[in-house]
Amino acid sequence: MTVEKFKGVFPAFYACYDEAGEISESRTIELCHYLYEKGINGLYVSGSSGECIYHNLEERKATLKYVAETLRGKITLIAHVGAPSTRESVILAKYAEELGYDALSAIPPIYFRLPESAIFNYWTEIMDATELPFIIYNIPQTTGYSLSINLFRKLKENKKVIGVKNSSMPVLDIERFKAEGGDNFIVFNGPDEQYISGRLIGADSGIGGTYGAMPELFLKAEEFVKSGNFEQAGKIQRDINDIIIALCSLNGSMYSVIKEVLKLNGINIGSVRGPLEPVTGEDLEKVKDIKQMIDNAIQKYVK
Ligand SMILES: CC(=O)N[C@H](C=O)[C@@H](O)[C@H](O)[C@H](O)CO
Ligand SMILES: CC(=O)C(=O)O
């Protein structure tokens, strides 16, 4: 198993809706082309940023299908298949394998706070369902479960486990998972605000919810890390963080703000599904300023 294809910048793919709020095939394809042409290394499909938690099984399948049909064989595709029940997660896992995804990933079980035995069994049943490699998703701030080193070690005994996407805030977690995982194991940086720190302490790659709003900047940040240009790496991270804070400062959810930014870039993928809130009123005007911040940063570092 080569882990090389899991290295680099992996935007978390956004849910693409039509004007009625239904999953849109043409808009999904359009977003695929847009991100692909920016030069990304892969995509993380149907995760948190993909609003997967608000989609039914058919909608999840549709999104997985449209992305695979557009980009399969061109870049690395990771299917997030975590769903409320093990049964649905397994259905999605099998479907992702049929579609030619390169790997599976899943959050731990949601809603009920379950013991580690249940979490272990949940991830293991997903892995048993296909031949695909598996990437654990650790995101305690949304799931309420923080992956322990003990469970990590136990999971790692399964050869299908090739990586972890770590979204917890301590960069130390990234360092510990990398130390345990070793060279042939991929640790993905989760918090976009700490991309550079995560990479320096041991992350091999990044999967992020804001990459899609500014792929140029994360690709450049990666270039700075690779070439050892730490001064510029620090600077671009600080500018990225100002942008992320701005994306989170309006009256709609961060994803709705990102989608408005994308509209200003000519990519209309609709807004967000409730209970996520859209940007409204005067705040819609402020999106232009955020787009300007992004363009300025691109101008500063990339052009
Ligand atoms: C909690 C959460 O959703 N984390 C995402 C995934 O790791 C990040 O990519 C964030 O979207 C990003 O860091 C902005 O806060
Ligand atoms: C990384 C992220 O935001 C996702 O899971 O979609």
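Whatever order the structure lists them in is the order used to number ligands and atoms, beginning at 1. Not measured: the values here are computed from a predicted model.
- Here His80 has no heavy atoms under 4.0 Å from ligand 2, in either its backbone or its side chain.
- Ionic pairing of Glu97 and Lys94 is not present here: no N-O contact between side-chain nitrogen and carboxylate oxygen is shorter than 4.0 angstrom.
- Note on Glu69 versus Lys65: salt bridge recorded, some NZ/NE/NH1/NH2 to OD/OE distance being below 4.0 Å.
- One distance of note links OH of Tyr14 with CD1 of Ile269; it measures 7.5 Å at 0.5 Å rounding.
- With ligand atoms numbered from 1 in the order given, ligand 2 contributes 1 (C), 2 (C), 5 (O) to contacts under 4.0 Å with heavy atoms of Lys165.
- Atoms of ligand 2 found under 4.0 Å from any heavy atom of Ile207, numbered from 1 in the order shown, are 1 (C).
- Under a 4.0 Å N-O distance rule, the pair Arg176/Asp173 does not qualify as a salt bridge.
- Near Ala12, with a cut-off below 4.0 Å to any heavy atom, the atoms of ligand 2 are 1 (C), 2 (C), 3 (O), 4 (C), 6 (O).
- Remark: ligand 1 atoms within the under-4.0 Å shell around heavy atoms of Glu193 are 12 (C), 13 (O), 14 (C), 15 (O).
- Every N/O-N/O distance between Ile139 and ligand 1 stays at or above 3.5 Å.
- Neither the backbone nor the side chain of Ser48 has a heavy atom within less than 4.0 Å of ligand 1.
- Using a 4.0 Å cut-off between charged side-chain N and carboxylate O, Lys300 and Asp239 make a salt bridge.
- Salt bridge absent: Lys226 and Glu223 never bring a charged side-chain N and a carboxylate O closer than 4.0 Å.
- An N or O contact shorter than 3.5 Å is missing between Tyr137 and ligand 1 by distance.
- Heavy atoms of other residues, nucleotides or ligands lying less than 6.0 angstrom from CG of Asp183 number 12 at most.
- Listed by number with element, the atoms of ligand 1 under 4.0 Å from a non-hydrogen atom of Thr210 are 14 (C).
- A salt bridge links Arg153 with Glu180: at least one charged nitrogen is closer than 4.0 Å to a carboxylate oxygen.
- Nearest protein neighbour of atom 2 (C) of ligand 2, counting heavy atoms only, is Ser49 OG, 3.3 Å.
- The atoms of ligand 2 that sit less than 4.0 Å from any heavy atom of Tyr137 are 1 (C), 2 (C), 4 (C), 5 (O).
- Under 4.0 Å is where a charged nitrogen must lie from a carboxylate oxygen, and between Lys288 and Glu285 at least one such pair does.
- For atom 7 (O) of ligand 1, the closest non-hydrogen atom of the protein is Ser167 OG, 2.5 Å.
- Distances below 4.0 Å separate heavy atoms of Gln141 from the following atoms of ligand 1: 1 (C).
- Remark: ligand 1 atoms within the under-4.0 Å shell around heavy atoms of Lys165 are 6 (C), 7 (O).
- One finds no salt bridge joining Glu88 and Lys61 here, because no Lys/Arg side-chain nitrogen approaches an Asp/Glu carboxylate oxygen to under 4.0 Å.
- Salt-bridge annotation for Glu222 and Arg199: present, with a side-chain N of the basic residue lying under 4.0 Å from a carboxylate O of the acidic one.
- Below 4.0 Å from some heavy atom of Pro191 lie the following atoms of ligand 1, by number and element: 13 (O).
- Using a cutoff of 4.0 Å between basic side-chain nitrogens and carboxylate oxygens, Lys178 and Glu175 are not scored as salt-bridged.
- Of all atoms in ligand 2, numbered sequentially from 1 with element shown, those under 4.0 Å from a heavy atom of Tyr44 are 5 (O).
- Note: an N/O pair closer than 3.5 Å links Gly190 and ligand 1 by distance alone.
- Here is the list of ligand 1 atoms found below 4.0 Å of a heavy atom in Gly208: 9 (O).
- Ranking the protein heavy atoms by distance from atom 4 (C) of ligand 2 puts Ser48 N, 3.3 Å first.
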